[in-house]
Amino acid sequence: MIKIAVCGAAGRMGGRIIAAIKEAEGVELSGALERPGHPMVGQDAGFNAGLGAIGVAISDDLNVVVDGCDALIDFTAPKVSLKNLEACALKRKSIVIGSTGFTPEERALAAELAKDIPAVLAPNMSVGVNVCFKVLKDVARTLGDNFDVEIVELHHNKKKDSPSGTAVRMGEVVAEALGRDYNEVANYHREGICGERTREEIGMQTVRGGDIVGEHTVYFIGMGERIEISHRAMSRDMFSRGSVRAAQWVVGKAPGLYDMQDVLGLR
């Protein structure tokens with residue numbers, strides 16, 4: 001039985017992860033973590049997940065929660081995730097991170113901290129999205145430089161980072177397949193007389209509104225034809241189930257930084 005703890009247990013995503021752990025076989029919820037001062041600290045973690053009392057109280061003590069788990073699942077924010085990754089590294093515990101908005105420097109720090117433990121860091125835990133990553137790589141390689149690439153993503157009005165980590169990863173996958181540096185070719189803004197589109201650029205457009213869970217479309221636009229590869233998330237449950245699957249996979253693996261492509265065997 002793999003013992004899993006959840007960080008951000010009082011949040012929307014934390015509640016869905018707790019529910020997914022209770023539904024999955026071979027795992028159990030060993031701990032639930034929230035920031036010090038959160039009003040739900042001390043309450044049963046099952047209430048936020050819609051499960052009623054499950055006998056696991058929400059704690060604000062990171063060390064105690066990490067001590068009691070085999071793997072920590074973290075959907076918070078980059079700075080918090082790095083702190084939790086460091087705590088897991090010190091105690092030789094696995095971690096699954098689904099936070100988005102990491103800078104290149106923060107990603108490099110995550111890789112450094114993961115030299116001592118197995119860690120999964122992925123901008124999207126959905127099985128479907130990760131299949132899309134693989135498809136995008138193959139499509140981009142086949143089409144080459146003759147098609148313009150544009151990426152549009154839609155999310156709810158509470159999302160803090162833009163563009164989404166998933167959209168950025170899609171852009172990185174396409175850029176790598178085309179032999180481009182994503183950081184040099186990504187175009188986040190067009191306004192006024194901005195000139196003709198360059199062949200190399202990858203357009204990134206963001207929509208925020210309402211309660212959209214997450215939608216991503218990559219357009220490959222050629223002369224007289226267009227290919228659209230889309231993924232639409234209907235609920236957060238696909239992310240929570242994917243994170244539990246990642247936690248089951250990562251425990252016992254060799255130290256290093258992995259992503260969902262590794263978890264799903266898509267490399």
What side-chain donor-acceptor pairs closer than 3.5 Å can you find for residues 15-29, not counting sequence neighbours?
{"from": "Arg16", "atom 1": "NE", "to": "Asp237", "atom 2": "OD1", "distance (Å)": "2.7"}
{"from": "Arg16", "atom 1": "NH2", "to": "Asp237", "atom 2": "OD1", "distance (Å)": "3.1"}

Next on the checklist: Does this structure show an ion pair linking Glu172 with Lys137, if we count only N-O contacts that are shorter than 4.0 Å?
Outcome noted: no
Next on the checklist: Let's go through Val250 and Ile95 carefully: what are the C-alpha distance in whole Å and the side-chain angles of both, what is the deciding distance for side-chain contact (heavy atoms from CB on, under 4.5 Å) to 0.1 Å, and is it a yes or a no?
Outcome noted: CA-CA 8 Å; Val250 75; Ile95 188 170; over 6 Å; no
Checklist entry - Is any side-chain heavy atom of Leu143 closer than 4.5 Å to a side-chain heavy atom of Val149? => result no
Checklist entry - For Glu153 and Pro163, which heavy atoms make the closest approach, and how far apart are they? => result OE2-CA, 3.3 Å
Checklist outcome for this item: Correct closest heavy-atom pair for Pro123 and Arg169 would be CG-CB, 3.9 Å
Checklist entry - Val263, Ile2: one ILVMFWY side-chain cluster at the under-4.5 Å cut-off? => result yes
Checklist entry - So Asp262 and Lys253, side-chain contact (heavy atoms from CB on, under 4.5 Å) or not? Walk me through it. => result CA-CA 11 Å; Asp262 299 303; Lys253 291 294 186 293; over 6 Å; no
Next on the checklist: Applying side chain to side chain donor-acceptor pair (under 3.5 Å) as the test, list every pair that has at least one member in residues 51-67; sequence neighbours left out.
Outcome noted: Asp67-Lys91
Item to check | Nearest heavy atoms of Met13 and Ser240, plus distance in Å | outcome: CE-N, 3.3 Å
Checklist entry - With sequence neighbours left out, what residues match Val185 under side-chain contact (heavy atoms from CB on, under 4.5 Å)? => result Arg180, Glu200, Ile202
Item to check | Single-linkage hydrophobic cluster Val96~Tyr258, side-chain heavy atoms < 4.5 angstrom | outcome: yes
Item to check | Heavy-atom side-chain proximity of Leu121 to Arg107 below 4.5 angstrom | outcome: yes
Checklist entry - Can you tell me if Asn157 uses its side chain to pair, donor with acceptor, with the backbone of Lys159 under 3.5 Å? => result no
Next on the checklist: Between Met260 and Phe133, is there a side-chain heavy-atom distance shorter than 4.5 Å?
Outcome noted: no
Next on the checklist: Please give me the minimum heavy-atom distance between His231 and Ser126, naming the atom from each residue.
Outcome noted: NE2-OG, 3.5 Å
Next on the checklist: Tell me the closest heavy-atom pair linking Arg245 and Val127, and the distance in Å.
Outcome noted: NH1-CG2, 3.8 Å
Next on the checklist: Please evaluate residues Phe102 and Leu82 with respect to the criterion side-chain contact (heavy atoms from CB on, under 4.5 Å), reporting the C-alpha separation (whole Å), side-chain torsions for both, the decisive distance (0.1 Å), and the verdict.
Outcome noted: CA-CA 10 Å; Phe102 283 87; Leu82 289 171; 4.2 Å; yes
Item to check | Residues which pass side-chain contact (heavy atoms from CB on, under 4.5 Å) with Ala111, listed by chain and number, not counting sequence neighbours | outcome: Leu257
Next on the checklist: Exactly one of Val174, Thr166, Val173 should register a side-chain contact (heavy atoms from CB on, under 4.5 Å) with Met170. Which one does?
Outcome noted: Thr166
Item to check | In one Ile/Leu/Val/Met/Phe/Trp/Tyr side-chain cluster, 4.5 Å: Ile58, Ile4 | outcome: no
Distance-only donor-acceptor hits, side chain of residues 213-220, under 3.5 Å, sequence neighbours excluded:
{"from": "His216", "atom 1": "NE2", "to": "Ser164", "atom 2": "OG", "distance (Å)": "2.8"}
{"from": "Thr217", "atom 1": "OG1", "to": "Ser230", "atom 2": "OG", "distance (Å)": "2.7"}

Next on the checklist: Applying side chain to side chain donor-acceptor pair (under 3.5 Å), can you list everything that pairs with Arg190, at least two apart in sequence or on another chain?
Outcome noted: Glu150, Glu201
Checklist entry - If Ile, Leu, Val, Met, Phe, Trp and Tyr residues are connected whenever their side-chain heavy atoms lie under 4.5 Å apart, and connections chain through other members, are Val129 and Val135 in the same group? => result yes
Checklist entry - Side chains of Leu264 and Lys134: closer than 4.5 Å at any heavy-atom pair? => result no
Item to check | Heavy-atom pair of closest approach, residues Pro78 and Glu106 | outcome: CB-OE1, 3.5 Å
Checklist entry - Does the side chain of Asp74 come under 3.5 Å of the side chain of Ser99 through a donor N or O and an acceptor N or O? => result yes
